Amino acid sequence: MAAVDAVILDLGNVLVFHDNDVLFRALAERAGLDPRAVGQAIGSEPLSAGTNRGWLDRASMYREICAALSLDVPEEEFQALWSCHFTVHDAVLPMVESLLGRVPVLLLSNTNVLHMDFIRPRLPLLERFDHLLLSYEWGLVKPEPAFYQAALRSAGVRPERAAFFDDVAAYVHAARQLGIHGFVFTDAPAFARQLGELGLPP
Ligand SMILES: [Mg+2]
């Protein structure tokens, strides 16, 4: 008997690796900037909220990010650059697949529409998840409690019957504050052990 009735997973550095240094370097090279300046510009407001909370649509993201970096590239090239830092985490996928059908599996991700455009065809397993909670569709981001609560409502479970995995300790902490079983994701072998502890061995 499993200790939980739903498993909620983060996306970045859990199901796909995202090497932000690669992204910042690629954009910096094209824009003639220092990679640190690129990181600061992308992470600053209102650009960060605009992308993650979905205030900017695809065309606006292209326009606003290029403007922030003084980057002059065609939209297609920008989209390739913007997602050049993702690698699918192959080792974890069979473990996630083993959960499907045993418990509802949900995604809870701070992300943006262009990154999901890139990731979805490369990670078809996502289409078999019970719910995908994407920050840009909800206008909510981790660690806001309302975003976790939206996931719990989607799964139809109480917090104490849900497990949440994320590589960011602060987001795990926020989940625990709500009573969710929060686990810091580190790597595939640890994930397998954590699932075992929950009575859901892969
Ligand atoms: Mg992450």
Side-chain angles (χ1 to χ4, degrees), residues 1-18 45 48-55 86 88-113 115-117 119-120 122-202:
M1 176 100 175
V4 293
D5 298 319
V7 173
I8 306 168
L9 299 172
D10 175 32
L11 175 64
N13 286 339
V14 175
L15 303 179
V16 296
F17 297 113
H18 61 98
E45 302 300 352
S48 176
T51 58
N52 281 338
R53 292 184 192 270
W55 302 337
F86 287 116
V88 174
H89 188 176
D90 290 314
V92 87
L93 300 187
M95 300 175 189
V96 174
E97 189 167 19
S98 80
L99 295 171
L100 299 172
R102 295 158 82 193
V103 287
V105 179
L106 295 87
L107 187 80
L108 186 68
S109 177
N110 290 358
T111 186
N112 61 79
V113 65
H115 281 163
M116 288 308 293
D117 283 349
I119 290 168
R120 285 181 94 137
R122 290 165 177 81
L123 195 59
L125 189 62
L126 281 182
E127 309 308 327
R128 296 167 57 198
F129 277 37
D130 294 271
H131 301 280
L132 304 178
L133 287 101
L134 307 168
S135 60
Y136 65 87
E137 290 184 346
W138 285 79
L140 298 169
V141 294
K142 295 174 283 187
E144 294 169 356
F147 200 23
Y148 301 84
Q149 284 156 349
L152 295 172
R153 276 199 309 278
S154 297
V157 298
R158 299 190 311 275
E160 65 271 21
R161 296 297 301 174
F164 171 68
F165 293 85
D166 199 300
D167 63 301
V168 177
Y171 297 166
V172 174
H173 177 73
R176 287 180 183 153
Q177 294 287 99
L178 296 171
I180 297 168
H181 296 273
F183 296 87
V184 175
F185 181 94
T186 53
D187 57 21
F191 181 55
R193 285 194 298 276
Q194 290 160 332
L195 290 176
E197 288 167 21
L198 289 168
L200 292 168

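The shown structure was predicted, so the numbers you read here are calculated from the model rather than taken from an experiment.
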Q | L11 side, atom CG; D167 side, atom CG - distance, nearest 0.5 Å | A | 10.0 Å
Q: Would you indicate whether the side-chain heavy atoms of F129 and L106 approach each other to under 4.5 Å?
A: no
Q: Grab the two heavy atoms, one from A188 and one from A91, that are nearest each other, plus how far apart they are.
A: CB-CB, 3.9 Å
Q: Would you confirm whether E137, through its side chain, and G54, through its main-chain N or O, come within 3.5 Å as a donor-acceptor pair?
A: no
(Q) If the test is side chain to side chain contact (heavy atoms under 4.5 Å, CB included), which one of L107, V113, L140, L108 qualifies with L134? (A) L107
Q. At their closest point, which heavy atom of V172 faces which heavy atom of G182, and how far apart are they?
A. CG1-C, 3.5 Å
Q) How far apart are the closest heavy atoms of L195 and P202, and which atoms are they? A) CB-CD, 4.1 Å
Q) What residues, two or more places apart in sequence or in another chain, satisfy ring pair (Phe, Tyr, Trp, His ring centres under 6.0 Å) together with F191? A) F165, F185
Q. Can you tell me how far OG of S109 sits from CH2 of W138, rounded to the nearest 0.5 angstrom?
A. 14.0 Å
Q | Any donor-acceptor N/O pair, H89 side chain to F17 backbone, under 3.5 Å | A | no
Let me have the donor-acceptor pairs involving side chains of residues 1-10, under 3.5 Å, with sequence neighbours excluded, atom names and distances please.
unit_1, atom_1, unit_2, atom_2, d
D5, OD1, R161, NH2, 3.0
D5, OD2, R161, NE, 2.8
D5, OD2, R161, NH2, 3.4
D10, OD1, K142, NZ, 2.9

Q) For A175, what residues pass the side chain to side chain contact (heavy atoms under 4.5 Å, CB included) criterion, not counting sequence neighbours? A) Y148, F164, I180
Q) What are the two closest non-hydrogen atoms of P201 and G199, and how far apart are they? A) CD-C, 3.2 Å
Q) Rounded to the nearest 0.5 Å, what separation is found between the CZ atom of R53 and the CD atom of E45? A) 8.0 Å
(Q) So, using salt bridge (charged side-chain N to carboxylate O under 4.0 Å, His left out) as the criterion, who are the partners of R122 when residues are at least two apart? (A) none
Q | Heavy-atom side-chain contact between D166 and V14 under 4.5 Å | A | no
Q: Would you check if L15 and L125 make a side-chain contact, meaning some heavy-atom pair closer than 4.5 Å?
A: no
Q) Of all heavy-atom pairs between L126 and L132, which one has the smallest distance, and what is that distance? A) O-CD2, 3.6 Å
Q.
Tell me whether T51 contacts the main-chain N or O of N112 through its side chain, where contact means a donor paired with an acceptor under 3.5 Å.
A. no
Q.
If I take atom CG from residue L198 and atom CZ from residue R193, how far apart are they, to the nearest 0.5 angstrom?
A. 13.5 Å
Q) Looking only at heavy atoms, what is the nearest atom pair of D130 and P104, with distance? A) OD2-CA, 3.2 Å
**Q.** For R158, salt bridge (charged side-chain N to carboxylate O under 4.0 Å, His left out) partners two or more places apart
**A.** E160
**Q.** Results of salt bridge (charged side-chain N to carboxylate O under 4.0 Å, His left out) for E127 - residues two or more places apart only
**A.** R120
